[in-house]
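Working notes, beginning with the structure itself.
This chain uses plain numbering: 1 for the first residue, then up along the sequence.
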Amino acid sequence: SLPEGTRSATFERLLEAVLALDVADRGEPLAALARQIGSLPYGSRRATFERLLAAVRELDVAGRGEPLAALAGRIELLPEGTRPAAFEPLLEAVRELDVAGRGQPLAALAGRIWALPEGTRPAAFERLLEATLVLDVAGRGEPLAALADQIWALPEGTRQATFDRLLETTLVLDVADRGEPLVAFADQIWALPQGTRSATFDRLLETTLLLDVADRSEPLVALARQIGSLPVGTRQGASKSLSAALQSR
């Protein structure tokens with residue numbers, strides 16, 4: 001780790017060196033620099049973020065995915081009031097990619113919904129879901145899982161309806177691609193209204209049992225983690241149902 005007082009100058013020299021490379025060789029080092037934004041002085045991070053995004057958009061489209069995902073994964077390190085303004089051009093840059101290359105950076109953006117100001121989260125969620133549904137069905141699993149993982153960050157009164165709508169969207173995936181999103185859904189049961197958790201648990205268990213036997217383990221384990229969040233009177237029944245499902249593997 002470099003002394004704090006030297007980091008900005010070192011970062012600048014490295015960025016200049018990266019920009020001197022052939023365009024085709026810049027993607028990976030730009031991603032590496034994006035991952036170091038948190039080491040810079042707080043007040044300089046937004047400007048550095050913008051410079052890196054501009055540099056990424058100069059790459060050939062096929063080389064932008066990894067550095068865009070790296071930038072998306074560092075939004076929470078920017079001053080809070082500037083994060084929505086960073087989110088917007090990032091999403092636009094992702095939309096410029098070929099459809100097949102959008103999944104990873106969309107998932108990275110979705111995973112940082114929690115870092116946005118509360119009032120902007122629902123709109124950001126909807127825009128990311130809309131962008132995800134443009135992807136080929138086979139490429140939607142990772143961003144759908146990332147969106148499901150952020151349900152807790154949405155306004156409490158909207159969570160169940162959003163959960164149900166997103167789950168229906170996930171059931172369009174091929175059965176073999178549903179496991180990762182189902183784990184994320186199971187992990188959000190605690191964030192739902194107390195009165196709907198038991199029914200949601202049962203629905204997710206039923207949906208998990210539609211997977212191939214080899215793909216059921218992680219979603220079942222995720223459901224097991226949520227038994228303590230269910231109403232007390234339903235826990236024993238949920239535990240028995242889960243035990244039967246585990247024994248059927």
Side-chain angles (χ1 to χ4, degrees), residues 1-117 120-121 124-125 127-128 131-132 134-136 139-143 145-147 149-150 153 180:
S1 179
L2 297 175
E4 186 172 352
T6 69
R7 292 175 191 171
S8 292
T10 302
F11 192 99
E12 287 296 322
R13 289 199 303 272
L14 283 170
L15 179 55
E16 290 302 318
V18 170
L19 296 179
L21 299 175
D22 291 338
V23 172
D25 297 327
R26 296 177 192 172
E28 188 173 345
L30 282 174
L33 284 174
R35 296 185 188 106
Q36 296 303 314
I37 283 177
S39 67
L40 299 177
Y42 192 68
S44 69
R45 293 177 189 174
R46 172 67 192 282
T48 300
F49 185 97
E50 292 178 348
R51 289 186 64 198
L52 288 171
L53 179 57
V56 169
R57 295 182 96 161
E58 292 177 359
L59 304 180
D60 294 335
V61 171
R64 297 177 191 174
E66 182 184 358
L68 284 176
L71 283 169
R74 298 302 182 272
I75 280 182
E76 75 271 20
L77 299 175
L78 302 179
E80 184 174 3
T82 71
R83 293 173 196 170
F87 176 92
E88 292 299 327
L90 261 181
L91 180 55
E92 290 305 312
V94 172
R95 284 176 165 160
E96 293 170 0
L97 303 179
D98 293 336
V99 171
R102 297 178 192 173
Q104 182 189 9
L106 278 176
L109 268 177
R112 292 302 184 271
I113 287 174
W114 65 267
L116 299 176
T120 69
R121 293 175 193 171
F125 187 99
R127 294 187 66 199
L128 287 166
T132 296
V134 172
L135 307 183
D136 294 335
R140 296 177 189 173
E142 185 179 1
L147 284 166
D149 195 51
Q150 296 295 299
E180 182 183 1

State which residues pass salt bridge (charged side-chain N to carboxylate O under 4.0 Å, His left out) with Glu92; sequence neighbours excluded, sorted by chain then number. Arg95, Arg127
To the nearest 0.5 Å, how far apart are CD in Glu180 and CG in Asp149? 9.5 Å
If you measure from OG on Ser8 to CZ on Arg45, what distance do you get to the nearest 0.5 Å? 10.0 Å
Under a 4.5 Å cut-off applied to non-hydrogen side-chain atoms, are Gln36 and Leu14 in contact? no
Is there a side-chain contact between Leu147 and Leu106 (heavy atoms, below 4.5 Å)? no
Residue pairs, two or more places apart or on separate chains, that pass side-chain hydrogen bond (donor to acceptor under 3.5 Å, both in side chains) and touch residues 48-74: Glu12-Arg51, Glu16-Arg51, Arg35-Glu66, Arg46-Glu50, Arg57-Glu96, Arg64-Glu96
I need the minimum non-hydrogen distance between Val56 and Pro67, along with the two atoms involved. CG2-CB, 3.6 Å
Nearest heavy-atom neighbours spanning Ala108 and Ala69: CB-O, 3.6 Å
Between Val18 and Leu33, the two heavy atoms sitting closest are CG2-CD1, 4.0 Å
Tightest non-hydrogen contact, residues Ala124 and Phe87, listed as CB-CZ, 3.8 Å
Under 3.5 Å: donor-acceptor pair, side chain of Arg83, backbone of Pro117: no
Leu15 CG to Arg13 CZ distance, which is reported to the nearest 0.5 Å: 12.0 Å
Provide the closest heavy-atom pair for Ala72 versus Arg112 in the form atom of the first, atom of the second, distance. O-CG, 3.2 Å
Ignoring hydrogens, what is the shortest heavy-atom contact between Leu40 and Arg7? Give both atom names and the distance. CD2-O, 4.0 Å
What I'd like to find out is whether the side chain of Leu109 reaches to under 4.5 Å of the side chain of Ile75, using heavy atoms alone. yes
Are there over 12 heavy-atom neighbours, none belonging to Glu88, within less than 6.0 Å of that residue's CD? yes
Out of curiosity, Arg26 CZ to Leu21 CG, how far, rounded to the nearest 0.5 Å? 7.0 Å
Is there side-chain contact between Leu116 and Phe125, with at least one heavy-atom pair below 4.5 Å? no
